[in-house]
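Within every chain, numbering begins at 1; the chains are lettered A, B, ... in the order of the sequence lines, protein sequences first and strands thereafter. Treat the numbers as computed from the prediction; the structure is a model and nothing was measured.
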Amino acid sequence: MITRSKYQPAEIETKWQSRWAEEDLYSAREHSDKPKFYNLVMLPYPSGDLHIGHWYNYSGADTYGRFTRMRGYNVMQPIGFDAFGLPAENAAIKRNIQPHTWTLENIANMRRQLARMGAGWDWSREIVSCLPDYYTWTQWLFLQFYKRGLAYRTKAPANWCPTCNTTLANEQVVNGACERCGTPVERREIDQWLLRITAYADELLNFDEIEWPEKTRLMQTNWIGRSEGAEIRFTAQVPRLGKNGKPTTRTETVEIPVFTTRPDTIYGVTFFVLAPEHPLVERLTAPEQRAAVEAYVEQARHETEIERLSTEEGRKKTGVPLGASVTNPVTGEQVPVWIADYVLMSYGHGAVMGVPAHDQRDFEFARAFGLPVVEVIRPEGEEETPTATWETAKTAHGVMVNSGPFDGTPAEDAIQRVIAWLEEHNLGQRAVTYRLRDWLISRQRYWGCPIPIVYCPEHGAVPVPEDQLPVLLPDEVEFKPTGESPLRYVPEFLNTTCPICGKPATREVDTLDTFICSSWYFLRYIDPQNAHAAWSREKVDAWMPVDMYIGGAEHATMHLLYARFFIKALRDMGLLDFNEPFKRLFHQGIVLGPDGQKMSKSRGNVIAPDDVVARYGADTVRAYLMFMGPFDQGGPWSSSSIEGVWRYMNRVWNLVTDALAERQVGPSAEVAAGAAAERLQHKSIARVTESYAGLRFNTALAALMEYLNGLSKLKDDEPALVRDPRYAAALDTLLVLLAPLAPHISEELWHQAGHEQSVHSQPWPEFNPALTVDETVTVIVQVNGKLREKLELAPDVSEDEVRRLALASPKVQAATGGRPLKKFIYVADRYLANIVA
RNA sequence: GCCGGCGUGGCGGAAUGGAAUACGCGGCGGUCUCAAAAACCGCUGCCCUCACGGGCUUGUGGGUUCGAGUCCCACCGCCGGCACCA
């Protein structure tokens with residue numbers, strides 16, 4: 001009677017975690033004969049707790065990293081903390097603790113949690129973005145952008161969150177509300193630092209070098225929103241401004257450019273609309289309209305972005321005429337000028353030529369205010385109908401009509417011909433506009449990377465010389481609800497001298513958007529201790545680009561776009577020599593609560609990893625997360641389904657430890673079932689390898705379960721199998737194949753089986769294709785596509801033989817009912833025959 | 001509204017155009033036990049049939065094909081992104 005040991009994950013997991021750390025098992029080698037593989041995860045924000053979503057993300061990434069390492073790659077798998085940001089400040093205000101302290105305490109706890117996963121992190125490369133040895137180089141990078149004219153300062157309307165007392169980038173505004181607190185966003189004019197991401201808009205649309213999900217590429221493409229068309233310069237008479245800046249009685253001609261994607265509709269312009277914020281509104285307004293216009297402008301200013309951008313049913317177009325007109329440069333016609341909130345100052349030129357016949361918004365506007373609708377484009381073969389009867393604009397392309405000399409121009413030439421005409425007469429030109437705007441990077445906040453700029457009364461904004469970096473962020477500040485950075489009230493920080501003249505000056509008190517910190521962290525991992533440079537060019541050349549980047553899809557249009565922009569800009573500065581940071585990208589899915597809803601404290605459906613790990617161990621939790629479904633799909637947590645994975649781990653433990661014990665009591669000897677065990681081994685290697693390679697961890701574990709079930713059954717049927725060396729080899733392979741998903745139990749049993757080296761250093765097993773084929777195969781016989789017969793035959797059976805046996809089968813004959821054979825199809829690699837009768 | 005994705009047993013899900021429902025959960029029956037739990041073994045899509053066996057089934061309707069969960073068209077439902085972008 002054998003007494004078996006019990007599977008106790010807590011014990012073996014902590015044991016192996018310390019052993020691996022002692023042996024430095026997971027540090028990437030700087031010099032290696034093996035090909036490099038940069039396996040990256042999106043670094044966590046140190047909120048204090050690793051949640052189940054982190055476990056999901058990192059379990060998949062670590063499984064893939066381990067698999068790749070065993071396949072012979074020199075894998076680098078670093079981890080760090082994106083440690084600046086608002087939550088630290090909010091916690092500081094709420095709990096009267098300094099952000100610095102709060103953040104570092106959280107990091108300490110999360111390091112423990114990250115270690116408890118048993119993932120193969122290379123801790124020697126850890127970065128913490130709020131520490132000076134990191135943010136020195138964030139500042140240095142800002143200066144490089146500044147030097148190249150890619151960072152600039154301007155007074156611009158900014159999204160302002162009255163709750164967070166801070167500005168927000170457009171990308172951080174969700175449906176017109178603050179992404180963090182949900183407060184509707186207001187607009188304010190403030191001096192801002194921006195990065196010229198729009199200079200790279202076109203290049204960012206090119207995804208040729210990267211293997212990214214179609215969905216993410218599409219989201220970035222839509223986000224950048226490239227539109228091709230023309231700029232057309234309309235003109236207007238406005239009062240000439242006197243020396244005092246006040247209008248005089250004399251007039252002058254000003255040009256008002258518009259952007260349009262449909263220059264072919266130029267003859268259909270019946271009105272002209274400016275954004276309420278357009279700088280020419282005041283000068284164009286006639287005295288009798290002044291009161292109405294000012295009221296409308298004031299109203300638009302108070303509208304939130306949500307209201308203004310809403311396209312909800314029933315929201316009618318609003319607007320006010322200025323009592324002025326502009327000249328259509330092509331037709332020479334005068335059309336009235338309006339202001340309306342459907343025209344946005346931030347897109348194009350803040351002005352629109354109104355073509356109600358061929359643009360739906362202009363159509364609605366014209367109907368609302370009784371403006372004429374003139375048809376100038378007619379799809380080929382369509383009859384003329386009076387525009388008064390139209391219910392919508394006709395936006396399709398077509399032949400130009402009512403367009404003077406352009407009449408009859410076919411759809412395919414219309415736009416080009418009008419643009420050519422505009423360019424010839426110097427009244428406009430081909431133009432491209434983007435939805436993407438420059439990246440607003442100033443935050444009126446304390447807990448961020450200080451912007452290395454000094455304001456001198458004489459020299460204005462002066463960059464801090466590189467040898468004076470870092471501009472240190474004070475560790476302690478006082479928080480006052482002023483809406484200004486607390487740094488303004490720290491004299492030691494604020495007051496300095498001008499780098500040019502040495503006279504008293506003040507520092508920039510705004511800090512950088514944390515997305516700046518996360519736009520280059522993957523470069524610092526490569527050379528984290530470098531005190532002389534942000535990175536060594538040689539090391540970055542060797543490791544970049546990232547081979548696999550796994551993280552959430554919510555970063556599609558922010559972090560992932562910014563990081564691409566950074567790399568392209570740094571390339572143009574000569575600081576590195578590649579075009580894209582992340583060669584492959586994978587978005588893991590979202591783990592839902594047991595109720596199928598998104599996890600949230602208010603719903604009470606949150607699964608805390610620490611709790612389930614205490615109960616089942618890290619291996620079971622990791623493997624269960626991967627078993628839930630496809631890795632990019634996520635799904636609901638199930639407290640009963642995880643029991644199945646827990647049972648599996650126990651069955652692995654029992655099968656292997658039993659075999660080891662029983663092997664002691666007798667000599668090894670081959671038995672018949674050994675051959676079957678060997679076939680199963682090779683089949684399983686093939687299946688599991690394929691699943692891992694495709695990041696289909698759920699089917700990898702399913703195959704491992706079938707492998708175990710199969711071996712267990714073979715042993716039950718023929719107990720002497722335990723002393724067959726082929727059975728021992730099959731169990732060893734089971735442990736090796738399981739190692740990426742369940743690193744601790746496989747390591748423990750691997751060592752119990754007498755191996756010295758770590759299971760994680762084992763080469764990935766190869767399979768012999770000849771051994772993945774069964775001794776007999778089931779040939780499926782269909783009649784007219786329906787399954788009618790199964791034949792057990794040898795794998796090398798010929799088509800003729802199958803045909804003879806199939807037609808001879810009574811079941812087949814019954815199914816054909818004596819009808820003559822029309823066609824016989826045999827798919828050899830599927831062992832499938834179809835009889836058409 | 002536009003763009004994208006997804007609809008398969010009671011549940012999570014599997015399936016290079018070739019045996020639909022692998023694997024797991026749950027359920028039912030059994031072994032062990034005084035009993036229960038755990039563990040182990042067997043059964044488990046739906047309908048008809050005592051049974052042998054037969055019919056039906058991948059959101060709905062149509063199509064392509066020897067053969068469709070998979071490809072094409074239309075519709076319904078759910079999820080994600082964008083949303084007056086001129």
Q: Pick the P atom in B:C23 and in B:C40, then give their distance to the nearest Å.
A: 16 Å

Q | Sugar-phosphate, base or nothing in reach of A:Leu218, heavy atoms under 4.0 Å | A | sugar-phosphate

(Q) Under 3.5 Å for both donor-acceptor distances, Watson-Crick or wobble: does B:G7 have a partner, and if so which one? (A) B:C76

Q: Check the distance between B:G24's C1' and A:Tyr648's OH and give it to me in whole angstrom.
A: 12 Å

Q: Report the residue (A:Tyr347 or A:Ser638) whose heavy-atom-nearest nucleotide on RNA chain B is the more 5′ of the two.
A: A:Ser638

Q) Taking CZ from A:Arg435 and C1' from B:C84, how many angstroms apart are they, rounded to a whole number? A) 13 Å

Q | Protein-nucleotide distance (A:Gln597, atom CD; B:C78, atom C1'), rounded to Å | A | 13 Å

Q) Can you check whether A:Phe369 and A:Phe271 have ring centres sitting under 6.0 Å from each other? A) no

Q. Which residue, A:Asp829 or A:Lys811, contacts RNA chain B at a nucleotide closer to its 5' end, judged by nearest heavy atom?
A. A:Asp829

Q) Would one find a side-chain N or O of A:Asn698 under 4.0 angstrom from OP1 or OP2 of B:C23? A) no

Q: Would you classify A:Thr778 as touching base, sugar-phosphate or nothing, given that sugar-phosphate means primed atoms plus P, OP1 and OP2, and contacts are heavy atoms under 4.0 Å?
A: base

Q | Distance between C1' atoms of B:U64 and B:C73 (Å, rounded) | A | 11 Å

Q: Can you tell me, in whole Å, how much space there is between the P of B:G69 and that of B:G7?
A: 14 Å

Q: Run the ring-centre check on A:Trp390 versus A:Phe363 and record whether the distance is less than 6.0 Å.
A: no

Q: Calculate the interatomic distance between A:Met628 atom CE and B:G13 atom C1'; express it in whole Å.
A: 11 Å

Q | Base partner of B:G26, which must satisfy Watson-Crick or wobble distances under 3.5 Å | A | B:U44

Q) Rounded to whole angstrom units, what separation is found between the CD atom of A:Glu214 and the P atom of B:C6? A) 11 Å

Q | Whole-Å P distance, B:A37 and B:C50 | A | 35 Å

Q: In whole angstrom, give me the gap between the C1' atoms of B:C78 and B:U31.
A: 46 Å

Q: Check every strand shown and say whether A:Gln360 touches a base, only sugar-phosphate, or nothing at a heavy-atom separation below 4.0 Å.
A: nothing

Q: In plain terms, say whether A:Glu214 and A:Arg217 are close enough for a salt bridge, that is, a side-chain N and a carboxylate O under 4.0 Å apart.
A: yes

(Q) Looking at B:G5, I'd like to know if its phosphate oxygens (OP1 or OP2) sit under 4.0 Å from a side-chain N or O belonging to A:Lys215. (A) no

Q: Name the nucleic acid region contacted by A:Val836, choosing base, sugar-phosphate or nothing; use a 4.0 angstrom heavy-atom cut-off, strictly under.
A: sugar-phosphate

Q: Report yes if a donor N or O on one partner sits less than 3.5 Å from an acceptor N or O on the other, where the partners are the side chain of A:Lys822 and the base of B:C66; otherwise report no.
A: no

Q: Please check if the distance between the ring centroids of A:Tyr624 and A:Trp646 is under 6.0 Å.
A: no

Q: Please report, rounded to the nearest Å, how far the P atom of B:A38 is from the CG atom of A:Asn650.
A: 13 Å

Q | Inter-nucleotide C1' distance (B:C2, B:C56), Å rounded | A | 40 Å

Q) Between B:A19, B:G42, B:A22, which nucleotide has the shortest distance from any of its atoms to the side chain of A:Glu706? A) B:A22

Q.
Strictly by Watson-Crick or wobble contacts shorter than 3.5 Å, is anything paired with B:G1, and which nucleotide is it?
A. B:C82

Q | Sugar-phosphate only, base, or nothing, as touched by A:Arg788 at under 4.0 Å among non-hydrogen atoms | A | sugar-phosphate

Q: Please check if the distance between the ring centroids of A:Phe515 and A:Trp439 is under 6.0 Å.
A: no

Q | Any A:Asn834 side-chain N or O less than 4.0 Å from OP1/OP2 of B:U65 | A | no

Q) Is A:Arg226 touching bases, backbone alone, or none of the nucleic acid, heavy atoms closer than 4.0 Å? A) nothing

Q) Once you round it to whole Å, what is the distance between C1' of B:A14 and CE of A:Met705? A) 13 Å

**Q.** Salt-bridge contact A:Arg233-A:Glu231 (side-chain N to carboxylate O under 4.0 Å)
**A.** yes

Q: Under a 3.5 Å limit for both distances, which nucleotide forms a Watson-Crick or G-U wobble pair with B:G18, could you say?
A: B:C66

Q. Are A:Phe586 and A:Phe631 an aromatic pair by the rule of ring centers under 6.0 Å?
A. yes

Q | In B:G9, glycosidic geometry as syn within 90° of 0 or anti otherwise | A | syn

(Q) Please determine whether a side-chain nitrogen of the Lys or Arg among A:Glu706 and A:Lys713 lies less than 4.0 Å from a carboxylate oxygen of the Asp or Glu. (A) no

Q. Can you tell me how far C1' of B:C41 sits from CG of A:Asn709, to the nearest Å?
A. 12 Å

Q.
Measuring to OP1 and OP2 of B:G26, would you say a side-chain N or O of A:Arg647 lies under 4.0 angstrom away?
A. yes

Q) B:G13 phosphate, OP1 or OP2: any side-chain N/O from A:Arg696 under 4.0 angstrom? A) no

Q. Expressed in whole Å, how much space separates the C1' atoms belonging to B:G77 and B:G27?
A. 29 Å

(Q) For a quick test of reading the model: is some side-chain N or O of A:Gln782 closer than 4.0 Å to OP1 or OP2 of B:G18? (A) no

Q. With rounding to whole Å, what would you report as the distance between B:U8 and B:A15 at their C1' atoms?
A. 10 Å

